[in-house]
K.L.:
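Please find one structure pasted underneath; my questions will follow.
Computed over heavy atoms, backbone and side chain alike; hydrogens, waters and symmetry mates excluded. First the proteins, then the strands, lettered A, B, ... as listed; each starts at 1.
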Protein chains: 2
Amino acid sequence: MKDCTECVVRNRAICGGLTPDELAALGSLGRNQIVRRGQTIVWEGDEALVVANVIDGVLKASMSMPDGREQIVGIVFPSDFIGRPFGQESPYSVTALTDAELCIFTRSSFEKFALQHPDLEHRLLQHTLGELDRAREWMLLLGKKSASERIASLLLELSTRLQAGGCAHDSMVLDRFELPLDRQQIGDLLGLTIETVSRQLSRLKGEGLIALPDRRHVVIQDRARLQNIAMAA
Amino acid sequence: MKDCTECVVRNRAICGGLTPDELAALGSLGRNQIVRRGQTIVWEGDEALVVANVIDGVLKASMSMPDGREQIVGIVFPSDFIGRPFGQESPYSVTALTDAELCIFTRSSFEKFALQHPDLEHRLLQHTLGELDRAREWMLLLGKKSASERIASLLLELSTRLQAGGCAHDSMVLDRFELPLDRQQIGDLLGLTIETVSRQLSRLKGEGLIALPDRRHVVIQDRARLQNIAMAA
DNA sequence: CGCCAAATTGACCCTAATCAAACGATGTGG
DNA sequence: CCACATCGTTTGATTAGGGTCAATTTGGCG
């Protein structure tokens, strides 16, 4: 049986701050589900049937054009919320980038519960406002930054958000981490091609700012210079 | 004295749906304020002291980089909400694109009221989710669309959102409207330069899809073809 | 060991940026 | 009333950053 009081993301997810009773009630509506890398939970344009909390793993939210061009519009980490409550259809798809563990609800049961529990809605509002801030930060990146600035920004963002999602101290950031995205996905997130991503990573490596022990790992060797690149040129 | 029951945006803004008592209480916390074109209400990085509903006019939310590059991250229309509640500092500036009328609150008084009125917070959540959807749609534009696709998308978006903010029927869209942005601002919104904006507009005009009676007005003459350009190529 | 997919590297091209000039409204002062 | 300055915009010429196409290299895995 599911025990929300033991949940590893409880403090950071929207269910944090609920009373034990509320937590039990919400818990009875949801179920844990494992999804494998590559699996899609919600399809763009389809009726949004489910919402979920991410317990473990990394997922992407993506939108695409009729001719197949795809843009990743959000990276979803543990304790983040997935789905579009109070909307008919999902404007984006959600797909697992790594094997992941979710706490999943039907949208209708979640909405009903949320309307009766203002504190939950308040937490959801806070999460949504944070998402909106990050989306706008990304608009600045996509609209104005050069390829190298985009790559540097991404590496710094991942090094902090993977940390926040992990189990170490809040104020720490990781200098070595696993990339949850392949080169194509990095391109789809940054508005670049796979070749440009590769070239810029090679360049940063050549200049000694980062190391790439293998295709799925990054080591930040000179965070200060990386931050310089990310914010100016 | 202010009378919220007469407010022209009451039905669409977050205060819609409040009881008469609640509406009066909220109204007593806010005050109407006129801002002139070009005036900035909130500065990026400053403490977010105020939030507001837009009653009339159009504003922009923008973020900038240390070297001065600027990205417009949101266009704010009548009935939209301005500001960043439940956050210390504003991640963006808000500036009037036209003379505008606001219903303005201190952030602290608004937050206090919101926490006591779940129905208001619910409306705010709905608005924020809508903003997030639009921000993500814009990420697709900035990350993946060509210059002509961006221009076409913007014109279509303005033709519907200016309408929604106006007083005609919901299902209608405008074929002729006033541009609240100059060419530089269009560039800052679409991630293009002023010259590219101008060239693409001239091209659409040359092909008979739009007319430009003067620098601040647009007429959509072939909506279907414009939609084709906006969504594919 | 050898296959296959992912990533890197190279050569070339194209879109949009940059630099520069001309144009057209609007407003001012002679 | 017209010469002229000014600002926003348009148009033109050139350049550069990143895309496209193609050839290798790397590495994961049966």
Side-chain angles (χ1 to χ4, degrees), chain A residues 37-38 65 67-71 97-99 141-155 178-207 209-219 229 232-233, chain B residues 37-38 60 65 67-71 97-98 141-155 178-207 209-219 229 232-233:
Chain A
R37 166 186 289 193
M65 294 176 62
D67 64 4
R69 279 173 283 177
E70 178 176 318
Q71 175 69 37
L97 294 172
T98 65
D99 291 350
L141 179 147
L142 292 171
K144 288 280 134 65
K145 292 190 184 180
S146 69
S148 53
E149 290 165 353
R150 292 180 200 202
I151 294 284
S153 301
L154 174 68
L155 296 179
E178 183 173 352
L179 274 176
L181 310 125
D182 64 27
R183 300 294 188 265
Q184 180 63 58
Q185 290 162 341
I186 294 175
D188 289 343
L189 179 59
L190 298 180
L192 300 171
T193 59
I194 191 175
E195 293 93 336
T196 299
V197 170
S198 182
R199 273 186 259 268
Q200 294 298 334
L201 284 173
S202 298
R203 190 172 141 256
L204 291 176
K205 178 175 145 189
E207 292 175 357
L209 303 203
I210 61 169
L212 300 166
D214 66 73
R215 57 180 66 176
R216 284 282 184 177
H217 287 271
V218 176
V219 181
I229 292 176
Chain B
R37 166 185 291 193
K60 64 169 181 175
M65 294 176 61
D67 64 2
R69 279 174 283 177
E70 178 176 319
Q71 175 69 36
L97 295 172
T98 65
L141 178 146
L142 292 171
K144 288 279 133 68
K145 292 190 184 179
S146 69
S148 52
E149 290 165 351
R150 293 180 198 203
I151 294 284
S153 301
L154 174 68
L155 296 179
E178 183 174 352
L179 273 177
L181 311 125
D182 64 27
R183 300 293 188 266
Q184 180 62 58
Q185 289 161 343
I186 294 175
D188 290 341
L189 178 59
L190 298 180
L192 300 171
T193 59
I194 191 175
E195 294 94 333
T196 300
V197 170
S198 181
R199 272 186 258 269
Q200 294 298 333
L201 284 173
S202 298
R203 188 171 143 256
L204 290 176
K205 178 175 148 190
E207 293 174 358
L209 303 204
I210 61 168
L212 301 167
D214 67 72
R215 60 180 66 177
R216 283 282 185 176
H217 287 270
V218 176
V219 182
I229 291 177

K.L.:
So which pairs with a foot in residues 193-207 of chain A pass salt bridge (Lys or Arg N to Asp or Glu O under 4.0 Å), sequence neighbours left out?
P.N.:
R203(A)-E207(A)

K.L.:
Could you tell me how far apart K205(B) (NZ) and dT10(D) (C1') are, to the nearest whole angstrom?
P.N.:
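So the two atoms are 9 Å apart, to the nearest Å.
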
K.L.:
Is the shortest heavy-atom distance from the side chain of Q200(A) to the side chain of R150(A) under 4.5 Å?
P.N.:
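Sidechains of R150(A) and Q200(A): no contact.
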
K.L.:
How long is the line joining CD1 of I210(B) and C1' of dT10(D), in whole Å?
P.N.:
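My rounded result for the distance is 14 Å.
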
K.L.:
Are any of the side-chain nitrogens in D182(A) or R215(A) under 4.0 Å away from the carboxylate oxygens of its partner?
P.N.:
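Salt bridge absent between D182(A) and R215(A).
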
K.L.:
What are the two closest heavy atoms between P180(A) and T98(A), and how far apart are they?
P.N.:
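Here P180(A) and T98(A) meet closest at CB-CG2, 4.1 Å.
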
K.L.:
Give, ordered by number, those residues of residues 178-190 of chain B having at least one heavy-atom distance below 4.0 Å to an atom of DNA chain D; if nothing qualifies, reply none.
P.N.:
D182(B), R183(B)

K.L.:
Round to a whole Å and report the spacing from CZ of R203(A) to C1' of dG10(C).
P.N.:
18 Å

K.L.:
In the 5'-to-3' direction, what one-character label does each nucleotide of nucleotides 11-27 of chain D receive under the scheme B = base within less than 4.0 Å of a protein heavy atom, S = sugar-phosphate only, - = no such atom?
P.N.:
BBB----SSBB----BS

K.L.:
Per the side chain to side chain contact (heavy atoms under 4.5 Å, CB included) rule, which among I194(A), L179(A), V197(A), L97(A) passes with Q185(A)?
P.N.:
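Going through the options one by one, the only one that passes is L97(A).
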
K.L.:
Roughly, in whole Å, what's the span from CZ in R69(B) to P in dA17(C)?
P.N.:
13 Å

K.L.:
Send over the distance from R216(B) CZ to dT10(D) P, rounded to a whole Å.
P.N.:
12 Å

K.L.:
Side chains of K144(B) and E149(B), heavy atoms from C-beta outward: is any pair under 4.5 Å?
P.N.:
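With C-beta onward as the side chain, the pair stays apart.
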
K.L.:
Tell me the closest heavy-atom pair linking I210(A) and L201(A), and the distance in Å.
P.N.:
CD1-O, 3.9 Å

K.L.:
I need the L192(A) CG to S198(A) OG distance, nearest 0.5 Å.
P.N.:
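L192(A) CG to S198(A) OG: 12.0 Å, rounded to 0.5 Å.
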
